Number of protein chains: 2
Amino acid sequence: MSEILAKIKTPEKPGMRQRLMEAARAEFSDKGIESATTRGIAERAGCNEVTIFRHFESKQNLLAAVVQETSEEFSSLCECRGEFSGDPRKDLERFAQVYNASLERCEGMARALVGDGHRRPTLCKELVGDVIEPFHRSIACYLDRLKTEGLVRQDLNSTAFAEVFTSSLFGGLLRRTSGLSDLDRDAWLRETVDIFVHGIEVAK
Amino acid sequence: MSEILAKIKTPEKPGMRQRLMEAARAEFSDKGIESATTRGIAERAGCNEVTIFRHFESKQNLLAAVVQETSEEFSSLCECRGEFSGDPRKDLERFAQVYNASLERCEGMARALVGDGHRRPTLCKELVGDVIEPFHRSIACYLDRLKTEGLVRQDLNSTAFAEVFTSSLFGGLLRRTSGLSDLDRDAWLRETVDIFVHGIEVAK
DNA sequence: AAATGCTGCAAGTAATCACTTGCATGCAAG
DNA sequence: CTTGCATGCAAGTGATTACTTGCAGCATTT
């Protein structure tokens with residue numbers, strides 16, 4: 001796959017190809033994968049429809065390229081290397097902000113894949129699974145460290161926590177962008193972190 | 001709208017119309033709204049394509065009818081009247097199970113609407129917003145009652161809790177049906193409730 | 001100057017879509 | 001029996017889809 005792309009890519013004119021991918025991403029994002037048209041993409045890119053096929057050969061290939069790019073971008077966006085304060089609330093807030101910002105950047109594609117994605121399991125797994133998993137691991141790893149320090153309850157299932165935590169962030173994004181939530185982004189993040197830190201339990 | 005539907009509905013043969021709606025729901029669910037075809041719906045219903053248009057006049061109308069039906073079904077499924085034990089964990093588990101079961105029944109449509117829904121804000125609001133809101137209110141109301149009894153921390157934002165709670169259930173469903181989660185349904189519900197009850201805090 | 005390669009433009013292809021029309025059939029009520 | 005109504009079937013409409021072909025312009029490289 002990547003050799004093919006590289007071969008197409010290598011000639012001159014890097015501008016066109018990039019413009020096409022951005023246009024395609026925009027089109028896929030707000031029309032959905034099936035409803036996106038090559039004509040629409042060409043219009044967004046300000047070029048002729050034929051140019052798409054000269055670069056990518058098919059809509060399918062173009063989609064694959066866009067998904068790959070989105071996936072890489074998401075990955076690099078939510079790399080959470082570096083310093084943690086050790087204060088669980090602050091650090092969870094940071095996890096939440098980083099993850100949410102990455103999600104927002106890729107929201108359209110994520111939404112599109114939720115809709116059409118179960119008929120494209122490969123793409124779905126590539127974009128979502130392989131990308132989110134490392135993020136989950138870093139959260140779980142962080143929590144396990146706090147566990148050894150006694151800052152977190154011992155019976156917490158840290159990998160499950162990571163999944164549920166990011167799911168509520170994703171669900172929240174969907175609600176907000178559909179105009180269904182009373183909370184804005186910051187409120188959502190704050191409340192989410194608050195709940196995941198405290199639960200509903202009365203203070204000790 | 002309902003008068004129109006009623007007028008079409010009133011003639012004989014209740015079987016056909018119902019079969020069409022079920023077929024349409026299945027088709028919308030696994031092809032997505034835009035990619036669903038009237039031909040495919042007719043095949044599922046085991047009837048001629050023309051029959052669809054004689055009953056519903058357009059694909060648009062059929063979709064509207066299906067959404068309305070789905071919405072009503074979801075509403076009645078997740079009506080949470082009745083007795084609570086007063087034990088927060090047990091009751092949250094019950095909320096989670098009821099909501100999740102309702103979601104599962106309507107998963108295909110929900111997924112379809114996430115994908116194509118932002119170009120159909122009315123349908124989206126109808127199916128999702130107007131239906132989930134009452135459920136959120138009953139959770140919030142329940143929590144507020146527990147607050148007065150001192151069984152829940154006083155500074156908990158109960159409406160936000162309801163939103164975040166259901167969002168994580170929805171996100172979980174999406175993950176599972178995409179084959180992206182390690183947890184099965186029961187594990188997901190259990191872990192979610194566990195976190196929303198305890199958070200990560202060390203036991204008192 | 002010649003050659004190469006990206007691009008635009010015009011036109012066309014075969015498939016598929018939602019939707020229509022006209023007619024035949026069969027069932028049920030009058 | 002006859003009238004009405006739901007349905008099937010065959011055929012077709014016009015729009016739109018992804019994708020192709022052939023040609024010409026234009027820039028850069030050789």
Side-chain angles (χ1 to χ4, degrees), chain A residues 4-67 112 115-116 119-120 123, chain B residues 4-67 112 115-116 119-120 123:
Chain A
I4 298 174
L5 293 180
K7 208 176 281 179
I8 299 175
K9 198 183 203 166
T10 35
E12 325 291 337
K13 208 84 170 192
M16 193 71 244
R17 190 187 165 85
Q18 197 52 36
R19 257 163 58 208
L20 277 174
M21 298 208 27
E22 280 160 25
R25 181 150 158 188
E27 178 87 356
F28 284 131
S29 292
D30 73 51
K31 297 256 182 83
I33 292 175
E34 301 287 346
S35 304
T37 70
T38 51
R39 191 170 304 171
I41 296 172
E43 272 170 23
R44 284 177 203 253
C47 75
N48 196 282
E49 195 181 352
V50 193
T51 305
I52 293 176
F53 296 97
R54 292 204 259 244
H55 274 266
F56 297 91
E57 299 199 288
S58 71
K59 181 185 169 185
Q60 207 46 232
N61 278 356
L62 175 54
L63 171 63
V66 168
V67 166
D116 306 281
R119 267 165 303 121
R120 309 180 125 80
L123 286 191
Chain B
I4 298 174
L5 293 180
K7 209 176 281 177
I8 298 175
K9 196 183 204 167
T10 35
E12 326 290 337
K13 209 82 170 188
M16 194 69 248
R17 189 187 166 86
Q18 196 53 34
R19 257 163 60 210
L20 277 174
M21 297 209 25
E22 279 159 26
R25 182 148 156 188
E27 176 88 356
F28 285 132
S29 292
D30 73 47
K31 297 260 180 82
I33 292 174
E34 302 285 346
S35 302
T37 70
T38 50
R39 190 170 306 172
I41 295 172
E43 272 169 25
R44 284 178 203 253
C47 74
N48 196 280
E49 195 181 353
V50 196
T51 306
I52 293 176
F53 296 98
R54 292 203 258 244
H55 274 267
F56 297 92
E57 300 201 285
S58 72
K59 182 185 169 186
Q60 207 47 233
N61 278 358
L62 174 55
L63 171 63
V66 169
V67 166
D116 307 283
R119 267 167 302 118
R120 309 181 124 81
L123 287 191

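Below, read A as the first sequence line, B as the second, and so on, with proteins coming before strands; counting in each chain starts at 1. Atoms considered below: every heavy atom in the structure, side chains included; atoms not considered: hydrogens, waters and symmetry mates. Being a predicted model, the structure only gives us computed values, none of them experimental.
Shortest non-hydrogen contact noted between Gly32(B) and Ala112(B) is CA-CB, 4.3 Å. Closest of all the heavy-atom pairs between Glu34(B) and Lys59(B) is O-NZ, 3.3 Å. The two residues Glu27(B) and Ala36(B) have their closest heavy-atom pair at CG-CB, 3.4 Å.
With rounding to whole Å, Met16(A) atom CE is found 15 Å from dG5(C) atom C1'. In this structure, Asn48(A) atom CG and dG22(D) atom C1' are separated by 13 Å, rounded to whole Å. As a whole-Å value, the separation of Ile52(B) CD1 from dC9(D) P is 14 Å.
For the atom pair CE (Met21(A)) and CD1 (Ile52(A)), the distance works out to 12.5 Å, reported to the nearest 0.5 Å. How far CZ of Arg39(A) is from CG of Asn48(A): 10.5 Å, rounded to the nearest 0.5 Å. Separating the CZ atom in Arg44(A) from the CZ atom in Arg19(A) is a distance of 14.5 Å, to the nearest 0.5 Å.
Residue Arg54(B) places a side-chain atom within donor-acceptor reach of the base of dG8(D), judged by atom type and a 3.5 Å distance cut-off alone.
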Per-nucleotide protein contact string for nucleotides 11-20 of chain C (B base, S sugar-phosphate only, - none; heavy atom under 4.0 Å): ------SSBB
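A heavy-atom distance below 4.5 Å is found between the side chains of Phe53(A) and Thr38(A). With a 4.5 Å cut-off on side-chain heavy atoms, Leu62(A) and Ile41(A) count as touching.
Near DNA chain D, meaning a heavy atom under 4.0 Å from it, residues 24-32 of chain A has no residue at all.
At dA6(D), none of the side-chain N or O atoms of His55(B) fall inside 4.0 Å of OP1 or OP2 (strictly under the cut-off).
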